[in-house]
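Below: one structure, written as structure tokens.
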Amino acid sequence: MIGYRVLLKKFITSLFLVFVVLFLSFLFYGQLYGEPGPEITAESALVMEAETGKILWEKNSYRRMYPASTTKMLTAIIAIETVGDLSQVAEISENADGRNHSAFTFKRGDKVSVLDLLKAALICSHNNATIALAEHISGSEEEFVKVMNKKAKEIGANNTYFQNTNGLDSVYPLHMSTAKDLAVIAKYCLNNPLFSQIVDTDQDTITVSGREIEIKNTNDLLQFDYIKGIKTGFTARAGFCIVTYSDSDRLDLITVILNSTRESREEDAISLIEYVNQNYNFEQIVDHKLKIDTVSAGGLSQANIDVYPSQDYHEFINTAEDKVDFQYSIEEQIELPVQKNQDLGRLSVYINDQMVREVSLVSNESVEKPVVEQNLNPANQQRDKKIMIFALGFYFFIFIFIIIKNLFFKTKFYV
């Protein structure tokens, strides 16, 4: 009876422990098996290093989404590149009048410079400003959109298809892009100094038919010194979106947030920027000055050849999580002579078991024939000198001994 109670107690204890383990596993499942990094509300997001275009963090970044007013990035850069004189005056058409979900109203017949239309589109996200730009440049929004889609493909935004210039999607169900593509578009746009200047402007004034209108940037993150633009967006389908450019001492980043909430859009962006800045660094993975191996070259007469990487290699890595490994191979038969920087093999660099770069291995000097080295330091020279004196003395002693011996026996024989 006692043994039965003991077994029952052990069984209940084991069952309780199993329940605790399962509960904790369920509770922390998202942390253990979900996306690494901070938890965000956005359905799709991405952080890209601005100069190289390397993706440092992503969540559903290839999923096609509604981009809302982030569309205006592409509209604006095409206008900047197409119109030589931005002081040109555009006339507001019937298609571009009214409010159209914008901060203020354009009236048919209003006169606005191309530069002020760009400011209205990018700073206060005026939807009719993009229509006016399109009509001024291409004659109609439809023709301008064709240019937009062509441009998107040219710069590598291959999963993007736009149906209008401003991102309003209530009657445009195919107007879609991806976080990855929007980062590519943003990277391209930021290469233009005027574009970068406009999107980094918190407040400005534009002139519409002689009347001045003050405009305020929809990007509240400009309050932070390290945020340099670039575009917000919202529609019922798209949710709350934002593309930002952050400039810090360590990393310059493009961050894309798609389909977040009103409360979480900016928080999502800041969380990702801080996470990447804290965990990623631009590290030197391969140093061309560090020897990889020493190998033998030649046939019967061999020479040693020091092998080095042909170049340096730097990479953005998560210093806390990424695992860096190397593998190298060198030619089996290396014949003399060997020229300086002669290709002798390959060094493969792996990050998290994925090969990311292959670097040539080369000789760091020319070798015509085997070199016999002799150590000529003072201690060795003194030792060699003593050995030579001893040998000469020894042979001299033997020589004298032989002469005396011969004289002695010769004298004795004739006595």
Side-chain angles (χ1 to χ4, degrees), residues 40-42 44-45 65-77 79-80 96 98-106 112 115-133 162 164-170 175 177 179 182-183 185-186 189-190 192 194-208 212-247 253-273:
I40 63 171
T41 303
S44 174
M65 310 279 291
Y66 293 104
S69 287
T70 62
T71 301
K72 294 168 184 168
M73 296 187 297
L74 190 58
T75 303
I77 194 63
I80 291 172
R99 183 176 294 274
N100 198 14
H101 305 285
S102 299
F104 58 89
T105 302
F106 279 149
V112 190
L115 178 59
D116 282 349
L117 287 173
L118 285 168
K119 290 179 179 180
L122 292 175
I123 295 176
C124 66
S125 201
H126 201 291
N127 292 312
N128 281 342
T130 63
I131 297 175
L133 283 169
F162 289 153
N164 58 58
T165 58
N166 50 36
L168 296 177
D169 51 40
S170 58
H175 186 96
S177 185
L182 291 172
I185 293 170
C189 292
L190 289 168
N192 185 283
L194 177 61
F195 181 96
S196 298
Q197 177 186 337
I198 294 175
V199 296
D200 191 29
T201 301
D202 185 48
Q203 297 183 52
D204 207 338
T205 301
I206 66 171
T207 302
V208 179
E212 291 188 347
I213 298 177
E214 293 184 358
I215 57 176
K216 176 83 169 61
N217 205 308
T218 57
N219 186 357
D220 292 337
L221 292 181
L222 289 179
Q223 63 183 295
F224 299 105
D225 291 340
Y226 61 92
I227 300 294
K228 309 298 182 181
I230 56 179
K231 192 69 195 76
T232 63
F234 168 76
T235 67
R237 281 179 168 177
F240 286 83
C241 309
I242 190 170
V243 180
T244 68
Y245 172 61
S246 58
D247 178 5
L253 305 174
I254 294 171
T255 304
V256 181
I257 300 293
L258 297 179
N259 195 20
S260 188
T261 64
R262 180 190 298 273
E263 298 77 16
S264 299
R265 176 177 64 182
E266 284 76 15
E267 182 180 337
D268 284 349
I270 293 298
S271 295
L272 290 181
I273 292 168

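Position 1 is the first residue of the sequence, and the numbers go up from there.
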Taking atom [atom1] of [X] and atom [atom2] of [Y], what is their separation to the nearest 0.5 Å?
{"X": "Leu221", "Y": "Ile273", "atom1": "CG", "atom2": "CD1", "value": "7.0 Å"}
{"X": "Thr201", "Y": "Leu222", "atom1": "OG1", "atom2": "CG", "value": "8.5 Å"}
{"X": "Arg237", "Y": "His175", "atom1": "CZ", "atom2": "NE2", "value": "11.5 Å"}
{"X": "Leu253", "Y": "Ile227", "atom1": "CG", "atom2": "CD1", "value": "9.0 Å"}
{"X": "Ile257", "Y": "Thr244", "atom1": "CD1", "atom2": "OG1", "value": "7.5 Å"}
{"X": "Leu182", "Y": "Ile242", "atom1": "CG", "atom2": "CD1", "value": "12.5 Å"}

Any idea which heavy atoms bring [X] and [Y] closest together, and the distance?
{"X": "Ala179", "Y": "Ser44", "value": "CB-OG, 3.5 Å"}
{"X": "Val256", "Y": "Leu258", "value": "CG1-CG, 4.0 Å"}
{"X": "Gly233", "Y": "Ala68", "value": "C-CB, 3.8 Å"}

Can you name the residues that form a side-chain contact (heavy atoms from CB on, under 4.5 Å) with [X], not counting sequence neighbours?
{"X": "Glu263", "result": "Thr261"}
{"X": "Ala76", "result": "Leu118, Leu122, Phe195"}
{"X": "Asn259", "result": "Glu43, Met65"}
{"X": "Tyr245", "result": "Ala50, Leu190, Lys228, Ile230, Asp247, Asp252, Ile254"}

(request) Starting from the C-alpha separation in whole Å, work towards a yes-or-no answer on side-chain contact (heavy atoms from CB on, under 4.5 Å) for Ser264 and Phe240. (result) CA-CA 9 Å; Ser264 299; Phe240 286 83; over 6 Å; no
Checking [X] now: which residues fulfil side-chain hydrogen bond (donor to acceptor under 3.5 Å, both in side chains) with it, not counting sequence neighbours?
{"X": "Asn100", "result": "Asn128"}
{"X": "Ser260", "result": "Asp268"}
{"X": "Thr218", "result": "Thr232"}
{"X": "Asn127", "result": "Lys72"}

(request) Report the residues that fulfil salt bridge (charged side-chain N to carboxylate O under 4.0 Å, His left out) with Lys119, sequence neighbours left out, ordered by chain and then residue number. (result)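 So Lys119 forms a salt bridge (charged side-chain N to carboxylate O under 4.0 Å, His left out) with Asp204.
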(request) Applying salt bridge (charged side-chain N to carboxylate O under 4.0 Å, His left out), name anything that partners Asp202, two or more places apart in sequence or on another chain. (result)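 Asp202: salt bridge (charged side-chain N to carboxylate O under 4.0 Å, His left out) contacts with Lys216.
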(request) Could you tell me whether the side chain of Arg99 and the main chain of Thr105 form a donor-acceptor pair under 3.5 Å? (result)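 Not confirmed, Arg99 side chain does not pair with Thr105 backbone.
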(message) So does Gly239 get a backbone contact from the side chain of Arg265, meaning a donor-acceptor N/O pair under 3.5 Å?
(response)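 Not a single qualifying donor-acceptor pair exists.
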(request) Begin from the C-alpha positions of Phe224 and Ile270 and carry the test side-chain contact (heavy atoms from CB on, under 4.5 Å) through to its verdict. (result) CA-CA 10 Å; Phe224 299 105; Ile270 293 298; 4.3 Å; yes
(message) Regarding Lys231 and Thr71, do their side chains bring together a donor and an acceptor under 3.5 Å, going by distance alone?
(response)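 Short answer, no.
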(request) For Thr130 and Thr165, test the side chains for any donor-to-acceptor distance below 3.5 angstrom and give the result as yes or no. (result)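 A pair is found: one side chain offers a donor N or O, the other an acceptor, under 3.5 Å apart.
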(request) Under the ring pair (Phe, Tyr, Trp, His ring centres under 6.0 Å) rule, collect the residues that match up with Phe106, sequence neighbours excluded. (result)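 Partners of Phe106 under the ring pair (Phe, Tyr, Trp, His ring centres under 6.0 Å) test: Phe104, His126.
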(message) Is it the case that atom CD in Glu212 sees more than 12 heavy atoms from other parts of the structure closer than 6.0 Å?
(response)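 No, CD of Glu212 has 12 or fewer neighbouring heavy atoms, counting only those of other groups under 6.0 Å.
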